[in-house]
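Values below: all heavy atoms of this structure, side chains included; hydrogens, waters and symmetry mates excluded. Residue numbers start from 1 in every chain, and the chains themselves are labelled A, B, ... in the order their sequence lines are given, proteins ahead of strands.
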Protein chains: 2
Amino acid sequence: MFDSAVTVDLVVLTIRRDALSVLLVKRGAPPYAGRWALPGGFVGAAEDLPDAAVRELREETGVHETAGHLEQLASYGAPDRDPRGRVVTIGYLALLADLPVPQAGTDAAEAAWHRLSDVDRDRLAFDHERILADGVERARAKLEYSPLAAAFCPAEFTIGALREVYEAVWGTALDPRNFHRKVTTTPGFVVPTGRWTTGERGRPAQLYRRGPATLLHPPMLRPA
Amino acid sequence: MFDSAVTVDLVVLTIRRDALSVLLVKRGAPPYAGRWALPGGFVGAAEDLPDAAVRELREETGVHETAGHLEQLASYGAPDRDPRGRVVTIGYLALLADLPVPQAGTDAAEAAWHRLSDVDRDRLAFDHERILADGVERARAKLEYSPLAAAFCPAEFTIGALREVYEAVWGTALDPRNFHRKVTTTPGFVVPTGRWTTGERGRPAQLYRRGPATLLHPPMLRPA
DNA sequence: TATATTCTCGTCATACCGACGATAACCGCC
DNA sequence: GGCGGTTATCGTCGGTATGACGAGAATATA
C-alpha cells in the first residue's frame, strides 16, 4: 500500500472543416515543458472523478458539458509514466460540436485544435499518445452502435452534416443515399424538425434533432 | 493536488451449472467486516495496474490469467466511497472457465462463487454493487461483437456449450439450429478439432477451439 | 426395441444492405 | 430566363443475414 497522485486527462474531439481534431495544450512547466499534451489536471481532494473531468473541460475549453458528450475512457498507471513520481490518471473522452475557441488554462501556455492527421504522436507528453489512440478508437467504435455522432453536431443538423461526421471519424466515404435511408429509418436516431436549411449549396435539406435512442438497432457498420 | 490510495477490484465471472456467477470474498476486517465484496487489493508501489489485477486474480483464485480473459473495466473515485479515506479503485473484468475452486486470500475470511441472481446487492461492501453491475453489462455487450464467450469455456468445447454461455449471460433462450449456423459460419469464431464428445446425452457433438477472430462480423445480436 | 435427447443440415420468408438510377430543389453564371 | 453544378431525397434490384421451423442422424437409457 502506498499513495499516488490522481489526475484526469481529456481526449477532446471535434470536427473542424471535415477533419477529426483533438484539443491539445502546450505545457509551460516541466516535465515535458514546451511539448503538446492532453488537457487535464489533478483531482481535488473532495472531488469525484467525473466532476474533475467536467471542471477541466470547462477550464480548458470554456464549454459546458451539456452540449456534447463526456464519458470515462480508461485508466493509466504505469509506475514510470510521470517523472515526478507515481501518478495514476483517469482518461476521459469528450465529443464536442464545432469550434468552441480554445482558451489556455492556468497551467498551460497555449491551447489549440490539431487535426488528428497532423499530430506528431511521438512528441506528446507522458503516455498521452496511447491515451489519444484509445480515445480515437473508442469514438470510432461508438459511432457504430450508438447515436453519438450527433454529439459532434449542433442541436439541429442535416443528414449530410451527420454523414460528414462519420466520414471524418472513420476516414472513409459513405454513400449519401444509403446513409440517408439508414439514419432516417433507424428508430430514435434522429427526429425531423420540419424546418429546412436555406442559403447552402444544392437542394435545401431538412433539419433534424437527436432522437431518444441510446443504442442503434441494428448498428451502423463501417465498410470492410 | 493530494494523494490517494489506489486499489484494483475484480469482477470475476464464470458459468456454473448454467448460471452466471461471480466470485465474492467475505471481508474479515473493517470496514464492512463480514460483508461480501469483490476480490481486490492495493496496487504495489512499483506495480502497473494490469500487473496488480493479474496478481490479485492469482492470489484470490489460484488461476493463471492465460486461461480466460482479463480487461480493464472502469475507475471509481467518489470521495466518500471508502470510510478509511480517499481510495480510487480500478475495476477489472475477468471471464474464466468453469470451476477453479476459490481459495481465500490473506485478507479475506472466505471466498465463494455466487449465482448472480442470488447476490444480495444491497449487502455488498463499498460501491461494489455498481462495479459488479458495470462488469456484467460489459460482459453482456461484449458477447455481441467479440468471440469472448469462449473464454467461459475450456480449451475444447461444443457449440451447445457455447450456446449455454450466451443463454446464461444474456438470460434468454436461443434457437440451437440458428446459433449453430451463426457460429460455424462466422469466420474465425471457432475452428473444428475433428474430435467428438462421447458419453454425453444425445448425439455426439464435434469439439471446437477458439478461432483467431477478435471481432465478430457481423455481430451476434441478442434477441429483442 | 422404443423413446428421449441432442446435434446437424435444410428450407423459406423477411429484413437489411451495398450499388446505383432518377428526380427534386436549390445555387451561380451567362 | 436558361443552363450547368451541387446536394437532398426517393426507388429499385440483387445478394446476404436472420428468425422460425421441419427433418433426419446418432447417441444413451429404459
Side-chain angles (χ1 to χ4, degrees), chain A residues 17-18 143-145 147 153 156-168 170 172-209 213 215-224, chain B residues 17-18 143-145 147 153 156-168 170 172-209 213 215-224:
Chain A
R17 290 189 305 261
D18 290 344
L143 290 208
E144 288 199 318
Y145 58 91
C153 297
E156 299 194 353
F157 51 89
T158 66
I159 303 294
L162 192 63
R163 175 171 47 81
E164 285 166 3
V165 168
Y166 274 90
E167 292 179 333
W170 285 350
T172 66
L174 300 175
D175 184 278
R177 298 156 291 187
N178 292 336
F179 183 86
H180 189 280
R181 177 183 59 190
K182 172 70 180 168
V183 169
T184 53
T185 62
T186 298
F189 195 173
V190 297
V191 295
T193 64
R195 300 177 38 216
W196 272 261
T197 57
T198 59
E200 307 286 321
R201 310 204 324 177
R203 174 177 170 179
Q206 186 164 188
L207 290 166
Y208 292 79
R209 263 194 220 97
L215 243 35
L216 302 185
H217 282 302
M220 170 106 54
L221 294 175
R222 3 182 184 183
Chain B
R17 288 190 304 262
D18 289 345
L143 290 209
E144 288 200 318
Y145 58 88
C153 297
E156 300 196 350
F157 52 88
T158 67
I159 304 294
L162 193 62
R163 176 171 48 81
E164 285 165 5
V165 168
Y166 275 90
E167 293 179 332
W170 285 349
T172 66
L174 300 175
D175 184 277
R177 296 156 293 187
N178 291 336
F179 183 86
H180 189 279
R181 175 183 61 192
K182 172 69 178 169
V183 169
T184 53
T185 62
T186 298
F189 194 173
V190 296
V191 295
T193 65
R195 300 178 37 218
W196 273 260
T197 58
T198 58
E200 307 285 320
R201 306 202 326 177
R203 174 176 168 180
Q206 188 166 186
L207 289 166
Y208 291 80
R209 267 198 215 92
L215 243 35
L216 302 185
H217 282 300
M220 170 106 54
L221 294 176
R222 1 180 187 185

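- Side-chain N/O atoms of B/Arg177 and base N/O atoms of C/dG10 include no donor-acceptor pair closer than 3.5 Å.
- For the pair A/Leu143 and A/Leu216, the tightest heavy-atom approach, listed with the atom from each and the gap, is O-CD1, 4.3 Å.
- Across the protein-nucleic acid pair, B/Leu174 atom CG and C/dT6 atom P stand 16 Å apart, rounded to whole Å.
- When all heavy atoms are compared, the tightest approach of A/Thr197 to A/Glu200 is CB-CG, 4.1 Å.
- When all heavy atoms of A/Thr193 and A/Gln206 are compared, the closest pair comes out as N-OE1, 4.1 Å.
- Between B/Trp170 and B/Met220, the shortest heavy-atom contact is CH2-O, 3.5 Å.
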Sub-3.5 Å pairs of nitrogen or oxygen atoms, protein against nucleotides 15-17 of chain C:
unit_1 : atom_1 : unit_2   : atom_2 : d
C/dC17 : OP1    : A/Lys182 : NZ     : 3.0

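- Below 30°, between 30° and 60°, or above 60°: for B/Tyr145 and A/Tyr145 the angle between ring planes is below 30°, a parallel geometry.
- In this structure, the CG atom of B/Asp175 is 16 Å from the P atom of C/dG10, given to the nearest Å.
- Between B/Arg163 and C/dT6 there is no side-chain polar atom (N or O) within less than 4.0 angstrom of OP1 or OP2.
- If you take NE2 of B/His180 and C1' of D/dC21, they are 17 Å apart, rounded to a whole angstrom.
- If you check residues 190-208 of chain A against DNA chain D, the residues with a heavy atom closer than 4.0 Å are A/Arg201, A/Gly202, A/Arg203, A/Pro204, A/Ala205, A/Gln206, listed by number.
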request  = Apply side chain to side chain contact (heavy atoms under 4.5 Å, CB included) to the pair A/Val183 and A/Tyr166, showing each step before the final yes or no.
outcome  = CA-CA 12 Å; A/Val183 169; A/Tyr166 274 90; 5.7 Å; no
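- Listed here is the closest heavy atom pair of B/Leu174 and B/Arg163: O-CD, 3.9 Å.
- Here the shortest heavy-atom pairing between A/Ala213 and A/Pro147 reads O-CG, 3.2 Å.
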